[in-house]
Amino acid sequence: MKSSKEKTFTEKVYDVVRKIRKGKVLTYKEVAEKAGNRNAVRAVGTILSKNFDNNIPCHRVIRSDGKIGQYNRGESEKIRLLKKEGVIL
DNA sequence: TAGTTGACCGGAA
DNA sequence: ATTCCGGCCAACT
C-alpha cells in the first residue's frame with residue numbers, strides 16, 4: 001500500500017528539528033541525514049533560514065565543526081538560547 | 001527549463 | 001590554528 005504524501009525535503013527537515021528536545025543539539029549534517037539526504041546539508045541550512053516558525057527550535061541546530069552557525073536573529077542570540085537551555089558549547 | 005541562492009562540509013595551503 | 005576553494009542539494013524566480 002502506498003500513501004502518496006511525498007513531503008518535500010523542507011517538511012522533513014522541519015519535522016526532524018521539531019523533535020529536538022531542550023538541551024539537545026544536532027548538526028546540520030545530522031538533520032540532513034535524518035531528513036533522508038545526508039548530502040543535502042546545504043539545502044538544510046537554506047531551508048531553515050527561510051523558516052520563521054517558533055514551533056521549530058532551529059536554534060538547536062549547529063555546525064559539524066562545533067561552531068554555532070548562523071541564525072535568523074543573530075548568532076549571539078543563538079548562542080544565548082543554547083546556553084540558556086543548558087547546552088555546553 | 002534553467003539559473004541563482006544559501007544558517008554547510010571537508011580538504012588543502 | 002586559520003583562511004580559501006570547490007562540491008553537493010533543495011527551493012525559489
Side-chain angles (χ1 to χ4, degrees):
Chain A
M1 62 178 299
K2 58 177 132 149
S3 320
S4 315
K5 248 328 192 191
E6 289 196 40
K7 294 196 318 197
T8 59
F9 194 75
T10 311
E11 293 292 319
K12 294 179 187 173
V13 171
Y14 286 118
D15 196 45
V16 172
V17 176
R18 196 181 298 153
K19 284 172 189 153
I20 304 176
R21 301 202 258 177
K22 180 172 157 198
K24 195 73 169 198
V25 287
L26 289 175
T27 64
Y28 290 99
K29 207 180 341 191
E30 288 287 297
V31 174
E33 195 171 348
K34 289 167 195 273
N37 281 330
R38 59 170 149 185
N39 296 344
V41 50
R42 299 253 316 267
V44 172
T46 307
I47 290 160
L48 291 179
S49 70
K50 285 171 183 163
N51 173 45
F52 285 88
D53 196 321
N54 296 307
N55 300 65
I56 300 168
C58 45
H59 63 269
R60 293 191 186 140
V61 185
I62 61 173
R63 303 213 325 190
S64 304
D65 296 11
K67 293 173 177 60
I68 301 301
Q70 295 302 311
Y71 191 54
N72 289 342
R73 301 183 79 202
E75 296 132 277
S76 303
E77 191 64 26
K78 186 171 183 180
I79 293 168
R80 190 166 69 163
L81 287 167
L82 290 172
K83 290 187 78 171
K84 196 168 196 160
E85 299 201 334
V87 179
I88 304 170
L89 302 179

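Computed from heavy atoms alone, side chains included, the values below leave out hydrogens, waters and symmetry copies. Computed from a predicted model, the values in this text were never measured in an experiment. Just so we're on the same page: letters track the sequence lines, and every chain starts at 1.
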What is the distance, rounded to the nearest whole Å, between atom [atom1] of [X] and atom [atom2] of [N]?
X: A:L48; N: C:dC9; atom1: CG; atom2: C1'; value: 14 Å
X: A:K34; N: C:dC9; atom1: NZ; atom2: P; value: 21 Å
X: A:Y14; N: C:dA11; atom1: OH; atom2: P; value: 10 Å
X: A:D65; N: C:dA1; atom1: CG; atom2: P; value: 11 Å

Worksheet item: A:S64 or A:T46: which one's nearest nucleotide on DNA chain B is closer to the 5' end?
Response: A:T46
Worksheet entry | Comparing A:V41 and A:V44 on DNA chain B - which has the more 5′ nearest nucleotide |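 Final value for this comparison: A:V44.
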Is a donor on one side and an acceptor on the other found under 3.5 Å between the side chain of [X] and the backbone of [Y]?
X: A:K78; Y: A:V61; result: yes
X: A:N72; Y: A:N51; result: yes
X: A:K12; Y: A:G36; result: no

Discussion item. For B:dC8, does the base pair up with any side-chain atom of A:R42 as donor and acceptor (N or O, under 3.5 Å, distance only)?
Written reply: yes
Tell me which nucleotide among [options] gets nearest to the side chain of [X].
X: A:N39; options: B:dA7, C:dC8, C:dA11; result: C:dC8
X: A:Y71; options: B:dA7, C:dA11, C:dC9; result: B:dA7
X: A:F9; options: C:dA10, B:dC9, B:dA7; result: C:dA10
X: A:R63; options: B:dC9, C:dA11, B:dA7; result: B:dC9
X: A:A43; options: B:dC9, C:dA11, C:dC9; result: C:dC9

Worksheet entry | Closest non-hydrogen atom pair, A:L48 against A:C58 | CD2-CB, 4.2 Å
